[in-house]
Protein chains: 2
Amino acid sequence: MKFGPKYLLVKNFLKESIQQGKFKVGDFLPSEHELCSRFSVTRTTTRKALDELIKEGYIEKLQGKGSRVKERRKSLGLLTVKGFSEAVGKNVNTIFLTKPQIGEWKEEIIFPVKKEDKDAQCIFFERLRCVNSLPVMLERNWLPATILQGFTEKQFVDESFFKTLSQEYLIEITGSKQEIRAEYADDKIAEILSIERNSPVLHISVLFSTNQKKLTIYSELFCNTTDFPVGNQYFM
Amino acid sequence: MKFGPKYLLVKNFLKESIQQGKFKVGDFLPSEHELCSRFSVTRTTTRKALDELIKEGYIEKLQGKGSRVKERRKSLGLLTVKGFSEAVGKNVNTIFLTKPQIGEWKEEIIFPVKKEDKDAQCIFFERLRCVNSLPVMLERNWLPATILQGFTEKQFVDESFFKTLSQEYLIEITGSKQEIRAEYADDKIAEILSIERNSPVLHISVLFSTNQKKLTIYSELFCNTTDFPVGNQYFM
DNA sequence: AACTCAAACTTGTACGTACAAGTAAAAATA
DNA sequence: TATTTTTACTTGTACGTACAAGTTTGAGTT
């Protein structure tokens, strides 16, 4: 039998446990010492495993206390509407304009759709994000139906698409590519966002890659940024 | 005398050497073994130092070969115009509309200007980025004049503001905060970008923090995204 | 009851050793 | 000369040990 490096054993055990919710956000992992004896490795090896989990944003270490499961690095360099999620006290809600269903690959996807994706069926869903009941962002998502069995019938975990992928299918986002444009709102977008036709809207095209090589997610976002700009932060 | 951890000695020596250009991009650092004997530390310590430099994006390791100085992580989660720098074969140039000079703190800065900055004098400069001689992005920058002695007389290194900060003042960007809006182009912006008034333009407000606690940089960018969308990438 | 302090935990740094695995150039072979 | 093999270098993994430094808890003291 061929095994890779030992530290991957520890790392993957912890990573999968976190992804499956066996360790929840805020929980402390077993101490380094305990992991050592559980896997019969030295602390060097255990610490290497933990280091990688820190690098990937799963945990943080607190000297004297332990290793705590972190809210997963949501950013990924992604843009988020200022006021979504982090904003406390704001009334944010999400409306499904189109529930997940088998649909067609549309022209409006900016990034070129891969051939293997085009050959497969396509899951589509469309959501409207509102702040204080005012529509702020329209989100359209396309993804191949090959892997996600029964996805159209599933309820979203915490209203979150990514949480659903993570917890129900053990799929996580590993990368993203974005293009951002300022455009005139066409009739449809203007109507949905309750703005005038030809108002400037922020158009964000996103391509997500995941740990499942076959699963690429295509998203097109349209934002009314007059009241809620889109933003991100990065600190070393 | 009080020293911190030993690995910081090695790390900082290498980091400063890289920042000062003693090791250039593509160069290989001294081998771990050599660093060990030079600093009288064990490989554990040296590797810890190198690990941190990897994390901060300064170097990459190649098994069997060595540690090579990398092109510094430009991204920082930042948006870049698609076609700038990375795009080969494209004709990109930069025009100073306003050379670095002592100016005033303007109202148009979106992020609130810190009090200590407002009390100081302000360096301002304004550049127009063109692709194929067509104006694509207008960039306005403000920063307090306290630290950067003689900045207004300096020539930019490689036409790059950040390279100049790094090589001439040993200042590096440690974080950023951005807000993005789609707006109507006002008269002035429209004229500079050679577009019609009230065309949609992408307005990006950036606040950079640096390793010099006193130095914050405020930028306002205006992009015509019809031909060149703005974008970023992230991969784990 | 309130406080102090020691003990028992946690992670952080650092030592030293050994061998595996990848790379490149020199040496041996055909 | 051209090819193969060896050798000497690089980084990667893993062992074991020791003590420093931060946190929590509970025993002991006031």
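Throughout, protein chains are lettered first and strands after them, A, B, ... in sequence-line order, and every chain is numbered starting at 1.
Counted within 6.0 Å of NZ on A/Lys154, heavy atoms from surrounding residues, nucleotides or ligands total more than 12; the atom is thus considered enclosed.
When the options A/Tyr218, A/Phe111, A/Trp142 are evaluated for a ring pair (Phe, Tyr, Trp, His ring centres under 6.0 Å) with A/Trp105, the one that passes is A/Tyr218.
An OP1 or OP2 oxygen of D/dG12 is reached within less than 4.0 angstrom by a side-chain nitrogen or oxygen of B/Lys61. Put simply, A/Lys48 has no side-chain N or O that comes within less than 4.0 Å of OP1 or OP2 on D/dA14. Distances shown here put a side-chain N or O of B/Lys6 below 4.0 Å from the OP1 or OP2 atom of C/dC15. One finds no side-chain N or O of A/Lys65 lying less than 4.0 angstrom from the OP1 or OP2 phosphate oxygen of C/dT11.
Within the 4.5 Å cutoff, no side-chain heavy atoms of A/Glu139 are placed close to those of A/Phe161.
In this structure a side-chain-to-backbone donor-acceptor pair under 3.5 Å is present from B/Thr164 to B/Ser160.
B/Glu60 places its CD atom 16 Å from the C1' atom of C/dG22, with the value rounded to the nearest Å. Per the geometry, CD1 belonging to B/Ile54 stands 10 Å off P belonging to D/dT11, to the nearest Å. We find that NE2 of A/His33 is positioned 12 Å from P of D/dT17, with the value rounded to whole Å. Here C/dG12 presents its C1' atom at 9 Å from CD of A/Glu32, a figure rounded to the nearest Å. In this structure, A/Leu35 atom CG and C/dT11 atom P are separated by 8 Å, rounded to whole Å. In this structure, B/Leu50 atom CG and D/dT11 atom P are separated by 8 Å, rounded to whole Å. Between B/Leu8 atom CG and C/dA14 atom C1' there is a gap of 13 Å when expressed in whole angstrom units. Taking atom CG of residue B/Asp51 and atom C1' of nucleotide C/dG12, one finds them 14 Å apart after rounding to whole Å.
Nucleic acid contact class of A/Thr45 (heavy atoms, under 4.0 Å, all strands): sugar-phosphate only. Within the nucleic acid shown, B/Ser31 comes within 4.0 Å of sugar-phosphate atoms alone, with no base atom in reach, counting heavy atoms only. Counting any heavy atom pair closer than 4.0 Å across all strands shown, A/Leu62 reaches sugar-phosphate atoms only and no base atom. The residue A/Phe28 sits apart from the nucleic acid: no heavy atom pair falls under 4.0 Å. Within 4.0 Å of A/Thr46, counting heavy atoms only, lies no atom of the nucleic acid at all.
A/Thr146 and A/Lys214 share no donor-acceptor pair across their side chains, judged by distance under 3.5 Å alone. B/Tyr58 and B/Glu52 form no side-chain donor-acceptor contact under 3.5 Å, judged by distance and modelled atom types alone.
Taking every side-chain heavy atom of A/Arg47 into account, C/dT13 is the closest of D/dT23, C/dG22, C/dT13. Proximity note for B/Thr44 (side chain, C-beta onward) versus C/dA24, C/dT13, C/dC15: the nearest is C/dC15. In this structure, of D/dA20, C/dA14, C/dG22, it is C/dG22 that holds the atom nearest to the side chain of B/Gln63. When the nucleotides D/dT11, C/dT13, D/dA14 are ranked by their closest atom to the side chain of B/Arg43, D/dT11 comes out on top.
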